[in-house]
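One structure is given here, and the rest of the page talks about it.
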Amino acid sequence: MSAQPQSPEPRPEVLDANRLRVVLDLAERLRAYETKFGVATSDLDAELASGRLAETGDVVDWLIGYRTLTAVLGCGPAPAE
Amino acid sequence: MAADQHRPNSWESYLSAHRGKLRDFEDHFILDNRLTFDLLPEGVWWGGTLVCQDGIEVHVERYQRSFFRKGSRWVETLFYKYEVIQRRAGRIIQVVRYDNVHAQRGHPDAHHRHVFDPDGGEIEPPEHLGSQRWPNLGQVLDEAHEYWCRQQASSR
């Protein structure tokens, strides 16, 4: 449901489909950055810490994709409060 | 910039504030709103660009964690990049960039700001902001607008 903000809350199956699409999009983005920079995403933090890779806007987008993908795949259903 | 502004907020309230902020600029500064979002079961993924006057663009990447209270979605920003650039005479000039996905050397946390000179060269080192001073998108939009106003004033 990539769209301008609209309520109300979508049905669960729509949310699941959105999640699948975002995961696939982010995974594709990570692959593209790995090809562009010649660095594995799993080495990204180490490359930045060592100074071998500079923190540009592109690299930040790559990092956000990585962090988000990790969060989305690592989370179960949203906790109730 | 108060830390309280980053506390969890109801999605409905967040959207209302977001839309209101954009409306403030749509009649004179924002030309094209290409910023979209995806609602996920456990979060909200934002990405895109606010295309503004005179080649200024605000690029946004953001992930908000979600949880539910009495059936209503609440959101809290976990990761963000807010970047202002200007397309000028075939070049891309960087203006400012905020992000929190990589801690700079010597910084206690990852919230920081990259600043650039008028030709887009980065002024080192990045400024640490910490959990008390990182901006929301509306404040970055204000900053982009002020940058544009200063340019307008200096060109008169």
Side-chain angles (χ1 to χ4, degrees), chain A residues 1-30 33 41 43-51 53-81, chain B residues 8 10-19 22 33-48 59-75 78-85 92 94 96-105 110 112 114 122 126:
Chain A
M1 183 191 118
S2 200
Q4 294 303 312
Q6 277 301 324
S7 295
E9 188 71 19
R11 302 188 315 274
E13 55 267 37
V14 174
L15 295 175
D16 286 341
N18 289 346
R19 177 207 265 152
L20 178 61
R21 183 166 38 75
V22 167
V23 165
L24 293 174
D25 286 349
L26 290 176
E28 183 59 35
R29 175 198 290 203
L30 264 50
Y33 280 125
T41 299
D43 294 336
L44 191 45
D45 284 301
E47 291 289 309
L48 280 163
S50 71
L53 193 65
E55 193 202 285
T56 61
D58 259 5
V59 170
V60 171
D61 288 347
W62 185 4
L63 272 167
I64 289 186
Y66 180 32
R67 305 267 191 263
T68 299
L69 195 52
T70 302
V72 170
L73 292 177
C75 286
E81 291 203 357
Chain B
S10 76
W11 177 236
E12 187 178 345
S13 171
Y14 180 85
L15 275 186
S16 175
H18 172 79
R19 289 173 176 151
L22 294 190
N33 177 1
R34 299 178 190 164
L35 177 59
T36 62
F37 76 97
D38 287 286
L39 281 177
L40 314 179
E42 64 286 284
V44 186
W45 170 243
W46 292 78
H59 294 247
V60 178
E61 298 272 331
R62 177 172 56 188
Y63 179 70
Q64 295 173 310
R65 174 181 83 98
S66 288
F67 56 89
F68 291 85
R69 284 180 180 159
K70 297 177 181 173
S72 296
R73 180 183 291 261
W74 285 56
V75 294
L78 277 191
F79 313 123
Y80 64 89
K81 181 204 76 172
Y82 304 127
E83 181 176 36
V84 181
I85 64 142
I92 295 176
Q94 296 188 82
V96 67
R97 185 175 75 242
Y98 296 88
D99 74 79
N100 76 332
V101 286
H102 172 67
Q104 301 295 304
R105 195 181 302 273
H112 63 272
H114 296 264
E122 182 163 1

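Not measured: the values here are computed from a predicted model. Order of the sequence lines sets the chain letters (A, B, ...), proteins ahead of strands, with each chain counted from 1.
The structure places CG of Leu39(B) at 13.0 Å from CZ of Arg19(A), a figure rounded to the nearest 0.5 Å. Annotation: the span from Leu15(A) atom CG to Arg73(B) atom CZ amounts to 5.5 Å, rounded to 0.5 Å. Rounding to the nearest 0.5 Å places CD of Glu55(A) at 4.5 Å from CG of Asp99(B). Note that NE2 of His102(B) and CG of Asp45(A) are 7.5 Å apart. Values are rounded to the nearest 0.5 Å. Separation of atoms CD1 (Ile64(A)) and CG (Asn100(B)) is listed at 7.0 Å; rounding is to 0.5 Å.
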Report the C-alpha separation of Glu9(A) and Phe68(B) in whole Å, then their side-chain angles, then the decisive distance to 0.1 Å, and conclude whether the side chain to side chain contact (heavy atoms under 4.5 Å, CB included) test is met. CA-CA 11 Å; Glu9(A) 188 71 19; Phe68(B) 291 85; 3.6 Å; yes

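Interface residue Val60(A): backbone and side-chain heavy atoms are both found under 4.5 Å from chain B. Looking at His59(B), there are no atoms closer than 4.5 Å to chain A (heavy atoms on both sides), in backbone or side chain. For chain A, no part of Tyr14(B) is nearby; none of its heavy atoms comes within less than 4.5 Å. For chain B, the nearby part of Ala49(A) is the backbone; its heavy atoms alone come within less than 4.5 Å. For chain B, the nearby part of Leu26(A) is the side chain; its heavy atoms alone come within less than 4.5 Å. Looking at Gln104(B), the atoms closer than 4.5 Å to chain A (heavy atoms on both sides) all sit in the side chain, from C-beta outward.
Side-chain atoms of Val22(A) and Asp38(B), non-hydrogen and from C-beta on, do get closer than 4.5 Å to each other. Considering only heavy atoms from C-beta on, Val72(A) comes within 4.5 Å of Tyr63(B) through its side chain.
Ion pairing between a basic and an acidic side chain is recognised when a charged N comes within 4.0 Å of a carboxylate O; Arg29(A) and Glu61(B) show such pairing.
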